Amino acid sequence: MKRKKVKKLLSSPRLGSNVLVKGWVRTKRENKNIIFIALNDGSTIKNIQIVVDTASFKEDMLKDITTGACLAVTGKLVESQGQGQSFEINAKSIEIYGKSDPETYPLQKKGHSMEFLREIAHLRFRTNTFGAVFRIRHAMAFAIHKYFNGKGFFYLHTPIITGSDAEGAGEMFHVTTMDLKNMPRNEDGSVDFRNDFFGKETNLTVSGQLEGELGALALGDIYTFGPTFRAENSNTPRHLAEFWMIEPEMSFYDLNDNMDLAEEFVKYLIKYALDNCHEDLEFLNNMIDKALIERLKFVLENEFVRITYTEAVSILSASGKKWEYQVGWGRDLQAEHERYLVEEHFKRPVILTDYPKEIKAFYMKQNDDGKTVRAMDVLFPGIGEIIGGSQREEQYDRLLDRIKEMKLPEKDLGWYLDARKFGTAPHSGFGLGFERLILFVTGMSNIRDVIPFPRTPKNAEF
RNA sequence: UCCUUAGUAGCUCAGUUGGUUAGAGCGACGGACUGUUAAUCCGUAGGUCGUAGGUUCGAGCCCUACCUGGGGAGCCA
């Protein structure tokens with residue numbers, strides 16, 4: 001007999017048929033003559049109830065069916081006599097693939113704290129919450145490719161190991177094969193990388209954007225979707241040292257086109273989740289965040305507010321609020337300011353544009369006012385900045401001036417400047433933090449709980 | 001990195017002004033039970049009180065340092 005997944009079984013049940021299911025025991029309820037097993041195979045958040053007549057099975061075998069054990073069960077699919085489920089399987093045969101010692105198996109029928117489950121991240125997939133989160137995470141990854149493929153974007157693989165130290169997006173992890181206990185030194189005491197694997201200093205990438213731009217300036221529209229690494233000592237529920245980022249880059253897009261794409265993209269993903277992850281979202285809505293589905297629908301149905309940094313500063317100044325950090329043109333907006341705009345003033349996602357050039361990266365296109373750049377930050381309720389992007393500076397001279405002004409290593413950016421030297425074109429792009437998107441879509445509150453094995457300062461378990 | 005808060009049984013927690021042998025619920029185990037839904041009822045076992053020092057006749061409780069977690073901030077996606 002061929003094994004059926006529980007999801008398939010429940011969506012198109014053939015009552016009276018004999019079926020084979022395989023999965024892990026979530027709970028077992030025992031009576032004298034009858035045993036009920038809730039079996040889950042991961043295909044859906046729903047369990048299938050296995051009904052066991054104790055007289056028909058060996059007692060020793062039934063004893064080994066404990067929480068966490070893996071079973072293969074054959075039996076007849078029938079309408080359930082009980083209240084909690086529509087269908088159930090009357091077991092004819094049970095094979096135990098893997099026992100699970102109940103004295104040491106850490107998962108109980110009762111709820112656990114997220115902190116405890118994080119310590120047993122290798123087993124937390126077996127809980128309803130993490131099953132739901134990681135099924136949704138998969139659905140979002142799939143939807144990202146579906147969306148871009150449908151729009152004619154090409155998935156570009158930018159390097160994980162980079163020799164470029166110019167992104168300026170944060171502290172980097174070094175990559176080397178040299179003996180850390182005996183590093184060769186130059187006369188001035190600095191490390192001599194000439195005999196290292198790559199013959200130069202290399203790091204893990206903090207962003208694929210610069211390479212992505214090169215792809216866009218030939219292929220038209222590209223996107224990257226891969227891991228990125230930041231060696232920042234950030235200890236917050238919104239930061240990871242290893243996280244996944246989506247970075248589309250589009251030729252001939254100006255900042256408005258860029259904002260249109262960002263808004264359409266995020267809404268597509270939210271709609272995809274609502275359309276395809278209904279059961280998992282329902283569960284999270286009940287157990288994690290009662291306002292989750294309502295909030296997803298609200299974001300889907302309302303236009304994002306678009307205002308300039310300068311307008312935002314006026315709103316904040318006029319708000320009459322007491323700020324911990326002072327508001328003033330030229331200062332970067334702090335979390336409290338962004339939160340006020342999104343959660344109190346507009347009560348919806350906000351896109352802020354045209355920031356002072358001093359607080360933004362070198363590659364952003366300068367406005368004619370000489371003071372601001374064509375940057376955009378998409379701010380979400382509860383998450384803060386979920387997307388950061390800009391129209392890129394496509395004029396060679398202006399870009400070079402900016403590199404010099406900010407004292408960046410000009411010689412290392414020759415390849416990047418070449419894109420402006422030969423057939424430059426207006427272009428734009430943005431970066432979306434994948435885990436921050438998953439936070440928003442699942443209603444989870446800590447980013448460590450939306451990636452299977454989180455990497456954070458002082459933690460690289462598993 | 002800074003501020004703040006916490007660490008006691010497998011889990012979630014209580015533990016009074018420093019004072020006998022550190023408690024509960026859940027889970028696990030044993031038993032009972034005519035179809036259960038985090039089943040129910042009866043019973044049993046389970047502890048180096050985060051680590052290392054210190055104060056004291058006496059420390060789970062007070063002091064110091066360190067480790068780890070939570071919340072907030074900064075950096076950002």
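Remember, it's a predicted structure, so these values are computed and weren't measured experimentally.
- Using a 4.0 Å cutoff on non-hydrogen atoms, no part of residues 119-129 of chain A comes near RNA chain B.
- Atom NZ of A:Lys5 has 12 or fewer heavy atoms from other residues, nucleotides or ligands within 6.0 Å.
- Comparing B:rU56 with B:rG27, their P atoms are spaced 47 Å from each other, to the whole Å.
- A donor-acceptor contact under 3.5 Å is not formed by the side chain of A:Asn459 with the base of B:rU68.
- If you take atom P in B:rA14 and the same atom in B:rA52, they sit 24 Å apart, rounded to whole Å.
- Taking the six-membered ring for Trp and the full ring otherwise, A:Tyr147 and A:Phe265 have centroids separated by under 6.0 Å.
- Taking the six-membered ring for Trp and thresholds of 30 and 60 degrees, A:His345 and A:Tyr340 have ring planes inclined between 30 and 60 degrees apart.
- Ring centroids of A:Phe142 and A:Phe148 are separated by 6.0 Å or more, keeping the two rings apart.
- Ion pair A:Lys360/A:Asp377 flagged as a salt bridge, since at least one NZ, NE, NH1 or NH2 atom sits closer than 4.0 Å to an Asp/Glu carboxylate oxygen.
- If you measure from atom CZ of A:Arg448 to atom P of B:rG70, you get 5 Å, rounded to the nearest angstrom.
- The gap from the C1' atom of B:rG58 to that of B:rU51 amounts to 22 Å, rounded to the nearest Å.
- In summary, the side chains of A:Glu213 and A:His427 do present a donor paired with an acceptor at a separation below 3.5 Å, with no hydrogens or angles considered.
- Only the C1' atoms considered, B:rC49 is 11 Å distant from B:rG15, to the nearest whole Å.
- Residue A:Glu324 places no side-chain atom within donor-acceptor reach of the base of B:rG72, judged by atom type and a 3.5 Å distance cut-off alone.
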Once each nucleotide of nucleotides 38-43 of chain B is scored for protein heavy atoms under 4.0 Å, what B/S/- sequence comes out, 5' to 3'?
-> BB----
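- Looking at the side chain of A:Arg118, the nearest of the listed nucleotides B:rG27, B:rG70, B:rA77 is B:rG70.
- Sorted by residue number, the members of residues 430-441 of chain A with any non-hydrogen atom under 4.0 Å from RNA chain B read A:Gly431, A:Gly433, A:Arg436.
- Both A:Gln49 and A:Tyr325 sit near RNA chain B, but only A:Gln49 has its closest nucleotide nearer the 5' end.
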